[in-house]
Each structure stands twice: as C-alpha cells, then as structure tokens.
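Worth knowing before you read on, the calculation uses all heavy atoms, side chains too, and leaves out hydrogens, waters and symmetry mates. Treat the numbers as computed from the prediction; the structure is a model and nothing was measured. One-based numbering, in listed order, for ligands and for the atoms of each.
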Amino acid sequence: YYAECHGVIYVIDSTDEERLAESKQAFEKVVTSEALCGVPILVLANKQDVETCLSIPDIKTAFSDCTSKIGRRDCLTQACSALTGKGVREGIEWMVKCVVRNVHRPPRQRDIT
Ligand SMILES: Nc1nc2c(ncn2[C@@H]2O[C@H](COP(=O)(O)OP(=O)(O)OP(=O)(O)O)[C@@H](O)[C@H]2O)c(=O)[nH]1
C-alpha cells in the first residue's frame, strides 16, 4: 500500500493536546517507514478555527524530535480548518506540486543532486 504512495497527508487535531504525543508517535512511524522514503509529507494542523487550539509553533515544537527523520524530503506544516476550508487549498496545491516533481519515486539520484 505504501509502495504505491506518492504523497502523505497527515492530519493533526490542533485542539487535542492530550493526544499530541500519540500523534507524534504515529507520525514518526510514517516518516521512518522505508517504503515512504523521500515521499513528500503535508502535515495539516486542522481545527485552527478554534480559538484555544495549539499554534503551528506549538505543534512544530512537539514534533521537533521528528525533524531529523524527515530527511531531505519535502515537508510542509499547513494550518487549516476543515470546517471553514481555510488553508486546505494551499496545502493541496503544495502537495500537487511536490508529487509532480517527484513523479518518479523513490527519488533518483539525479533528481536530488
Ligand atoms: N471546529 C472544527 N471542528 C472540526 C474540524 N474538523 C473536524 N471537526 C469536527 O471534529 C469532529 C470529529 O471529526 P471527524 O471527522 O469525526 O474526525 P475523526 O478523526 O474521525 O474523529 P476522532 O477519531 O473521534 O478523533 C466532528 O465533530 C467534526 O465536525 C475543524 O477544522 N474545525
């Protein structure tokens, strides 16, 4: 299943601080998966319409352990709200560009050098 994957969209509930550590563990499994090596990852920090939500810097700090594991691949953390739609288009457009660029995967040496 992962072997056919050209991009990962990982959704975080920005209002669920309690489960952020659990989410980070799940994210770590994705980024360390050999089958997903080099695959672009869009992290959607959802529910940003909620006033008390975690900010993007909060989320990046909580996920900072993962930075080195993300490696050289494209990775974007995009604030969004599935409720209002804000940020969703930007995220998807970014992902489309990445997928087009990485259409041959795993990345060939000449694409990354
Ligand atoms: N305010 C707000 N609510 C949202 C947003 N996205 C989803 N929700 C609400 O969050 C609730 C859970 O949404 P689901 O789509 O069921 O998400 P889920 O991941 O299946 O839920 P769990 O597995 O229970 O965490 C629903 O009441 C949604 O309406 C958002 O961007 N903003």
| With side chains defined as the heavy atoms from C-beta onward, is the minimum distance between F27 and I12 less than 4.5 Å? | no

| Is_contact(atom 10 (O) of ligand 1), protein non-hydrogen, under 4.0 Å |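 Yes, there is a protein heavy atom closer to it than 4.0 Å.
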
| Short list, please: which atoms of ligand 1 are under 4.0 Å from a heavy atom of V50? | 1 (N)

| Do you see a protein non-hydrogen atom under 4.0 Å from atom 1 (N) of ligand 1? | yes

| request: Determine yes or no for a side-chain-to-main-chain donor-acceptor pair under 3.5 angstrom, with N102 supplying the side chain and G38 the backbone. | output: no

| task | Return a yes/no value: protein heavy atom under 4.0 Å from atom 31 (O) of ligand 1? | result | yes

| said: So E28 and K24, do their side chains get closer than 4.5 Å, heavy atoms only? | reply: yes

| message | Using a 4.0 Å cutoff against the non-hydrogen atoms of D49, which atoms of ligand 1 qualify? | response | 1 (N), 2 (C), 30 (C), 31 (O), 32 (N)

| Which residue holds the protein heavy atom closest to atom 25 (O) of ligand 1, what is that atom called, and what is the gap in Å? |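 Of the protein heavy atoms, R19 NH1, 4.1 Å lies nearest.
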
| task | Examine A82 against ligand 1 and note whether any of their N/O atoms are separated by less than 3.5 Å. | result |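 Between A82 and ligand 1, an N or O pair is found under 3.5 Å apart.
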
| request: Give the residue, atom name and distance (to 0.1 Å) of the protein heavy atom nearest atom 6 (N) of ligand 1. | output: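 Of every protein heavy atom, N46 ND2, 3.0 Å lies nearest to atom 6 (N) of ligand 1.
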
| message | Tell me if a side-chain donor or acceptor on S33 pairs with a main-chain N or O of K29 at a distance below 3.5 Å. | response | no

| query | Which residue owns the protein heavy atom closest to atom 8 (N) of ligand 1, what's the atom, and how far is it? | reply |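 Of the protein heavy atoms, K47 CE, 3.5 Å lies nearest.
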
| request: Find out whether D74 and R101 are in side-chain contact, i.e. whether some heavy atom of one side chain is under 4.5 Å from a heavy atom of the other. | output: yes

| field | V50 side chain reached by S14 side chain, heavy atoms, under 4.5 Å | value | no

| Transitive ILVMFWY side-chain link V88 to W94, under 4.5 Å |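 Linked within one cluster.
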
